[in-house]
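Taking it in order: structure first as structure tokens, then the write-up.
Any value given below was found using the heavy atoms of this structure, including those in side chains, with hydrogens, waters and symmetry copies removed. The sequence lines fix the lettering, A, B, ..., with proteins before strands; numbering per chain opens at 1.
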2 protein chains.
Amino acid sequence: MKKPCNCPHTHPKQELSSLTTRLRREARKITGPRAAILEILHQHRHPLTNKEIHAELPKGECDLATIYRAMQMLEKLGMVKRFDFGDGVARFELVVEGDDGHHHHLICTQCAQVVEIGECFPAEIEHRIARQNGFRAVTHRLEFFGVCPDCQK
Amino acid sequence: MKKPCNCPHTHPKQELSSLTTRLRREARKITGPRAAILEILHQHRHPLTNKEIHAELPKGECDLATIYRAMQMLEKLGMVKRFDFGDGVARFELVVEGDDGHHHHLICTQCAQVVEIGECFPAEIEHRIARQNGFRAVTHRLEFFGVCPDCQK
DNA sequence: TTTTAATTGCAAATCATTTGCAATTAATTG
DNA sequence: CAATTAATTGCAAATGATTTGCAATTAAAA
């Protein structure tokens, strides 16, 4: 379950400083480890596991436990979104300010390649499901799985 | 994350024997622990965790490791379907013969009550997603979360 | 009933994630 | 800029779910 992320895509420059601003706003310290973690998340568009983030950091830069703690905090602040691909490992993606980060992925079951999906579960159907069962504040967790072009060869 | 399953619903009688038949067909032994596990799954319509299954069994009836092994095997044979509610614990449901068991749930984030959902992600949209990305054999994992009627009070 | 391969119990091993705690440090204050 | 303080970190140990090695047991075939 891994694949080098050779995408040169980085998020808009502005974002990084806005991230530290957001942290400060919450009375949180901008520490070396945190800046480094945000930097890594910033350079990858795909969800990363804590272990992957740890591996990206210069050796000894930051403890794995610190990354776990940072992700918990960032998630609580809504700066990061947690994804579950069903393999028992949490993955995280930076969330653009003002957005809730809700979206889905298409994952290759052979090589774990991840594609971000624009589609979402139809809101009308979700509302109907909520109504029919008397539930409130209904959302969903949705991920697609299949075999990518490369792995079909 | 638990709730007594006070549903008297059991699956059609016929099923149980057909289950053992299926096992035999696969050159698998019908052992006490396995029969007991199938019996438990048979009496519950909601997904159960291995620990819950273990708790349902008469004390000392069967080791937890045996249940883990049995579920792995039953899943491979397609007799059981694994569900992931995102809380780090696997849940299983018996699959009706001839069916693939694909369906979804609506889970209360407060009391963990589970409702089985009839709706599914629209096939046309899924096909489009597969096509647009060149993926084959695409499926999805989908669960809904919200606050149930009881927990709204 | 014998033979044999599948299965089980039990303990130890894995893995991801969390946590206690003392040492370190960012940010504030004077 | 130095002192003060609460937040943060590293490290090791603790958790929890799940897996695995292995010797003893047992279902099913012969």
Counting N and O atoms only, with roles assigned by atom type, does the side chain of A/Arg91 sit under 3.5 Å from a partner on the main chain of A/Asp84, one being a donor and the other an acceptor?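 Judged by distance alone, no pair lies under 3.5 Å.
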Under 3.5 Å: donor-acceptor pair, side chain of B/Asn133, backbone of B/Ile129: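 Checked: pair present.
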Given side chains that start at C-beta, do those of [X] and [Y] come closer than 4.5 Å, heavy atoms only?
| X | Y | answer |
| --- | --- | --- |
| B/Cys62 | B/Ile67 | yes |
| B/Phe85 | B/Pro47 | yes |
| A/Leu94 | A/His42 | yes |

Distance-only polar pair, side chains of [X] and [Y], donor-acceptor under 3.5 Å:
| X | Y | result |
| --- | --- | --- |
| A/His46 | A/Glu93 | no |
| A/His104 | A/Glu119 | no |
| B/His103 | B/His105 | yes |

Minimum heavy-atom separation for B/Phe135 and A/Cys148, please, with both atom names.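 Closest heavy-atom pair between B/Phe135 and A/Cys148: CZ-CB, 3.4 Å.
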I need the [atom1]-[atom2] distance between [X] and [N], as an integer number of Å.
| X | N | atom1 | atom2 | value |
| --- | --- | --- | --- | --- |
| A/Met71 | C/dA16 | CE | C1' | 15 Å |
| A/Met73 | C/dT18 | CE | P | 15 Å |
| A/Ile37 | D/dT9 | CD1 | C1' | 11 Å |
| B/Leu57 | C/dG9 | CG | P | 10 Å |
| A/Ile67 | D/dT8 | CD1 | C1' | 14 Å |
| B/Asp87 | C/dA16 | CG | P | 18 Å |

Full working for side chain to side chain contact (heavy atoms under 4.5 Å, CB included) between A/Arg24 and A/Thr21: CA-CA 5 Å; A/Arg24 255 188 264 280; A/Thr21 301; 5.7 Å; no
Give me the one residue out of B/Thr49, B/Leu48, B/Ile53 that meets side chain to side chain contact (heavy atoms under 4.5 Å, CB included) with B/Met71.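 Among B/Thr49, B/Leu48, B/Ile53, the one that satisfies the side chain to side chain contact (heavy atoms under 4.5 Å, CB included) with B/Met71 is B/Ile53.
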Could you go through nucleotides 17-20 of chain D and list every protein N or O atom that sits under 3.5 Å from one of its N or O atoms, giving the distance for each pair?
unit_1, atom_1, unit_2, atom_2, d
D/dA17, OP1, B/Lys51, NZ, 3.1
D/dA17, OP2, B/Lys51, NZ, 2.9
D/dA17, O3', B/Gly88, O, 3.4
D/dT18, OP1, B/Ala90, N, 2.9
D/dT18, OP2, B/Tyr68, OH, 2.5
D/dT18, O5', B/Tyr68, OH, 3.4
D/dT19, OP1, B/Gln72, OE1, 3.2

Produce a footprint string for nucleotides 23-30 of chain C: one letter per nucleotide, 5' end first; B if the base is under 4.0 Å from any protein heavy atom, S if only the sugar-phosphate is, - if neither. --BBS---
To the nearest 10°, give me the bend of the helix from C/dT1-D/dA30 to C/dG30-D/dC1, comparing the axes of its five terminal pairs at either end.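 Rounded value for the end-axis angle: 30°.
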